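One-based numbering along the sequence shown. FYI, side chains are in, hydrogens and waters are out, and symmetry mates aren't considered; it's all heavy atoms of this structure. We count ligands from 1, going down the list as the structure has it; atoms in each ligand are counted the same way. Note that the coordinates shown come from a computational prediction; the quantities given were computed from them, not determined experimentally.
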Amino acid sequence: MIVTLTLNPSLDRTIEIGSLTRGAVIRAAAAHLDPGGKGVNVSRALLANQVRSCAVVPFGGDEGRRLVSLLQAEGIDMITVPVAGPTRSNVTLAEPDGTVTKINEPGTALSAEELDTVAEAVLSAATSADWVVASGSLPPGVPLDVYAGLCRRFSGAGINVAIDTSGPALLAAVAETPALVKPNREELSEATGLTIVSLGDAIEAAEILRARGASTVLASLGADGAVLLQDDQIWYGEGPVAEPRSTVGAGDAMLAGFLAAGARGEAALVEALAWATAAVGLPGSRMPSPGDIRRNHVRVTRADPTLSLRSGG
Ligand SMILES: Nc1ncnc2c1ncn2[C@@H]1O[C@H](COP(=O)(O)OP(=O)(O)OP(=O)(O)O)[C@@H](O)[C@H]1O
Ligand SMILES: O=P(O)(O)OC[C@@]1(O)O[C@H](CO)[C@@H](O)[C@@H]1O
């Protein structure tokens, strides 16, 4: 069983437009509303693929109630924690070529009492968990070492912790020896100060995170695929996407696929890439179901550090 924690969930509104022109009135072709936030998406992807999970979700205000009703409609197993501030709304402008422009609200502050209640919910859900996944940004006022505290709490209890966040919260968590971190290219670069233009740069940055405490690093590299550093092995993989619709949530689908496949080695990386590339072909932050996921187009090999990355860094 996999417990996910999303301290800063969102209502994700995706607006499909022809092209983005600053300062213009843009008529949208379509709009979708999805429940959002990184841990929420991991749970949605797991549910869509019949893997048991429990999402811990603080919610507040009308937006929070809408979020909870969308998650209930999907059948997500969750522990919801009512909080005073309203849940945020995040907006994605999606263009036909797959380019997305995302505007994420900061979210509203959680009080110390609310944070304690959320932590208790995670502890109670985690009694039967193999993994606890702590994902996404922190709302204002939440201590930057909150994910680090989770790592400390669970490493003693034999429960694996996976972290997908950025900035100081990522650095603090890495120092508490999480089983897994899933940075994207920008997060790798920010955490290490390295500019990442080749696979070798990404590997060097991931090695730094391992030296600081992370056991396994699964680094997603956007259209360039992903690299996995685990034990003494380094695997690289990618998969084509015929028609990219929206990359939002692709990293979450990747993490879900990796954990669903046992979180070890080449086979788990293939699964992670199959789920991620399927997500890129779906609108908004829709998570892929078994019918969307194709494994035979994913290529995973031993990593060649001299490989140049195509997409911008
Ligand atoms: N344009 C693309 N073409 C093909 N695959 C892509 C593309 N963008 C993303 N992917 C796939 O999705 C994975 C995750 O993408 P990315 O590195 O952008 O994650 P992320 O920044 O964590 O995303 P998010 O935070 O929205 O979940 C990549 O490793 C890759 O497999
Ligand atoms: O602001 P954060 O917490 O970093 O990211 C939030 C978010 O962009 O991440 C998900 C995609 O990964 C979306 O559902 C959501 O809007």
Side-chain angles (χ1 to χ4, degrees), residues 4-14 32-45 57 63 67 70-71 87-92 94-95 97-107 133-140 142 147 163-167 169-170 181-190 196 202 218-228 236-258 269-282 284-288 297-300 309-313:
T4 66
L5 168 64
T6 313
L7 283 173
N8 206 2
S10 55
L11 271 182
D12 279 5
R13 183 171 295 282
T14 304
H32 320 265
L33 191 64
D34 292 295
K38 292 187 191 300
V40 162
N41 290 338
V42 171
S43 280
R44 293 170 66 219
V57 187
E63 297 81 358
L67 171 71
L70 289 171
L71 289 172
T87 297
R88 64 183 172 156
S89 296
N90 292 342
V91 175
T92 300
E95 296 173 67
D97 66 354
T99 305
V100 294
T101 304
K102 206 159 183 318
I103 304 168
N104 286 7
E105 292 185 9
V133 178
S135 265
S137 60
L138 304 181
V142 169
Y147 290 155
I163 300 289
D164 180 4
T165 191
S166 53
L170 171 61
V181 292
K182 198 228 63 75
N184 66 19
R185 186 165 163 178
E186 292 72 31
E187 289 155 357
L188 262 187
S189 178
E190 187 194 15
I196 295 172
L218 172 62
S220 63
L221 304 169
D224 287 298
V227 63
L228 171 67
Y236 168 73
E238 61 175 341
V241 179
E243 268 185 61
R245 295 283 304 277
S246 165
T247 56
V248 178
D252 309 327
M254 158 167 283
L255 179 53
F258 187 73
L269 181 57
V270 169
E271 196 71 3
L273 287 161
W275 290 35
T277 49
V280 173
L282 296 171
S285 52
R286 191 185 303 166
M287 291 292 117
H297 73 306
V298 172
R299 286 174 307 280
V300 170
L309 299 178
R310 293 174 308 243
S311 52

Response to the item:
In this structure, atom 10 (C) of ligand 2 is nearest to the protein heavy atom Asn41 ND2, 3.5 Å
Worksheet, complete the sentence: among protein heavy atoms, the one nearest atom 14 (O) of ligand 2 is Asp12 OD2, 2.4 Å
Worksheet item: If you measure from CD on Glu187 to OG on Ser166, what distance do you get to the nearest 0.5 Å?
Response: 5.0 Å
Practice prompt. Any atoms of ligand 2 less than 4.0 Å from a non-hydrogen atom of Gly36? List them with their elements.
Written response: 14 (O)
Item to complete: Kindly compute the distance separating CD (Glu186) from CG (Leu221), expressed to the nearest 0.5 Å.
Response: 9.5 Å
Discussion item. Looking at every non-hydrogen atom in both residues, tell me the closest pair between Leu188 and Pro183 and how far apart they are.
Written reply: CD2-CG, 3.7 Å
Worksheet entry | Heavy-atom proximity to atom 16 (P) of ligand 1, best of Ala253, Ser220, Gly36 | Ser220
Response to the item:
ligand 2 atoms nearer than 4.0 angstrom to some heavy atom of Asn104 are 1 (O), 2 (P), 5 (O), 6 (C), 7 (C), 8 (O)
Worksheet item: So is Glu105 in contact with ligand 2, going by heavy-atom distances below 4.0 Å?
Response: no
Response to the item:
One finds that the ligand 1 atoms under 4.0 Å from a non-hydrogen atom of Val248 are 26 (O)
Worksheet item: If we only count N/O pairs under 3.5 Å, is Gly225 in contact with ligand 1?
Response: yes
Worksheet entry | Under 4.0 Å to a heavy atom of Gly136 - the qualifying atoms of ligand 2, by number | 3 (O)
Worksheet item: Which residue and non-hydrogen atom of the protein lie closest to atom 9 (O) of ligand 2, and at what distance in Å?
Response: Lys38 NZ, 3.2 Å
Item to complete: Below 4.0 angstrom from a heavy atom of Gly249, which ligand 1 atoms are there? Numbered from 1 as shown, please.
Response: 24 (P), 26 (O), 27 (O)
Fill in: Per-atom contacts, ligand 1 versus Leu273 - under 4.0 Å to a heavy atom
31 (O)
Fill in: Option with minimal heavy-atom separation from atom 3 (O) of ligand 2, where the choices are Gly107, Ser137, Gly39
Ser137
Response to the item:
In this structure, CD of Glu105 is separated from OG of Ser137 (nearest 0.5 Å) by 11.0 Å
Worksheet item: ligand 2 versus Thr92, non-hydrogen atoms closer than 4.0 Å: side chain, backbone, both, neither?
Response: neither
Response to the item:
Looking only at protein heavy atoms, what sits closest to atom 4 (C) of ligand 1 is Val241 CG2, 3.3 Å
Worksheet, complete the sentence: Quick note on ligand 1: atoms under 4.0 Å from a heavy atom of Gly251 include exactly 14 (C), 19 (O), 20 (P), 22 (O), 23 (O), 24 (P), 27 (O)
Worksheet item: Which heavy atom of Asp34 sits nearest a heavy atom of Arg44, and at what distance?
Response: OD1-NH2, 3.6 Å
Worksheet entry | Side-chain heavy atoms of Leu273 within contact of Met254, under 4.5 Å | yes
Worksheet item: Counting from 1, what ligand 2 atoms have a heavy atom of Asn90 closer than 4.0 Å?
Response: 6 (C), 15 (C), 16 (O)
Item to complete: Check each of Glu238, Lys182, Met254, Glu187 against atom 22 (O) of ligand 1 and report the one with the nearest heavy atom.
Response: Lys182
Discussion item. Please report the interatomic distance OG1(Thr14) to CG(Asn90), rounded to the nearest 0.5 Å.
Written reply: 10.0 Å
Item to complete: For ligand 1, find out whether one of its N or O atoms is nearer than 3.5 Å to an N or O atom of Gly222.
Response: yes
Fill in: From the candidates Arg44, Glu187, Lys102, the one that places a heavy atom nearest atom 16 (O) of ligand 2
Lys102
Discussion item. Distance under 4.0 Å to a non-hydrogen atom of Ser10: what atoms of ligand 2 satisfy this?
Written reply: 15 (C), 16 (O)
Fill in: Atom pair OG/CG of Ser285 and Asp12 - distance to nearest 0.5 Å
4.5 Å
Practice prompt. Using a 4.0 Å heavy-atom threshold (strictly under), name the region of Arg13 that reaches ligand 2: side chain, backbone, both or neither.
Written response: neither
Discussion item. Checking side chain to side chain donor-acceptor pair (under 3.5 Å) between Ser43 and each of Thr6, Thr4, Asp252, which is the one that passes?
Written reply: Thr4
Practice prompt. Quick one: do Thr165 and Lys38 satisfy side-chain contact (heavy atoms from CB on, under 4.5 Å)? Show the steps, please.
Written response: CA-CA 9 Å; Thr165 191; Lys38 292 187 191 300; over 6 Å; no
Practice prompt. Using a 4.0 Å heavy-atom cut-off, say whether Ala250 meets ligand 1 through its side chain, its backbone, both or neither.
Written response: both
Fill in: Region of Leu221 engaging ligand 1 - heavy atom pairs below 4.0 Å
backbone
Worksheet item: If you take all heavy atoms of Pro35 and Leu71, which pair is closest and at what distance?
Response: CB-CD2, 3.6 Å
Practice prompt. Start with the C-alpha gap between Thr87 and Leu11, add the side-chain angles, then the distance that decides, and say whether side-chain contact (heavy atoms from CB on, under 4.5 Å) holds.
Written response: CA-CA 8 Å; Thr87 297; Leu11 271 182; 5.5 Å; no
Item to complete: Under 4.0 Å from a heavy atom of Asp252: give me the atoms of ligand 2 that qualify, with their elements.
Response: 10 (C), 11 (C), 12 (O)
Worksheet item: In the protein, which heavy atom is nearest to atom 21 (O) of ligand 1, and how far is it?
Response: Asn184 ND2, 2.9 Å
Discussion item. Is any side-chain heavy atom of Arg185 closer than 4.5 Å to one of Leu309?
Written reply: yes
Item to complete: Indicate yes or no: at least one non-hydrogen side-chain atom of Lys182 is less than 4.5 angstrom from one of Ser220.
Response: yes
Worksheet item: Going by heavy atoms, is Gly249 under 4.0 Å from ligand 2?
Response: yes
Discussion item. Check for me whether Lys38 has a heavy atom closer than 4.0 Å to any atom of ligand 1.
Written reply: yes
Worksheet item: Based purely on interatomic distance, does Gly37 place a nitrogen or oxygen under 3.5 Å from a nitrogen or oxygen of ligand 2?
Response: yes
Worksheet item: Would Asp164 and Val133 satisfy side-chain contact (heavy atoms from CB on, under 4.5 Å), going step by step from the backbone distance to the final call?
Response: CA-CA 8 Å; Asp164 180 4; Val133 178; 5.8 Å; no
Worksheet entry | Between OG1 on residue Thr92 and CG on residue Asn104, distance to nearest 0.5 Å | 7.0 Å
Discussion item. Out of all atoms in ligand 1, which are within 4.0 Å of some heavy atom of Thr247? Include the element for each.
Written reply: 8 (N), 26 (O)
Response to the item:
Here the atoms of ligand 1 under 4.0 Å from any heavy atom belonging to Asp252 are 27 (O)
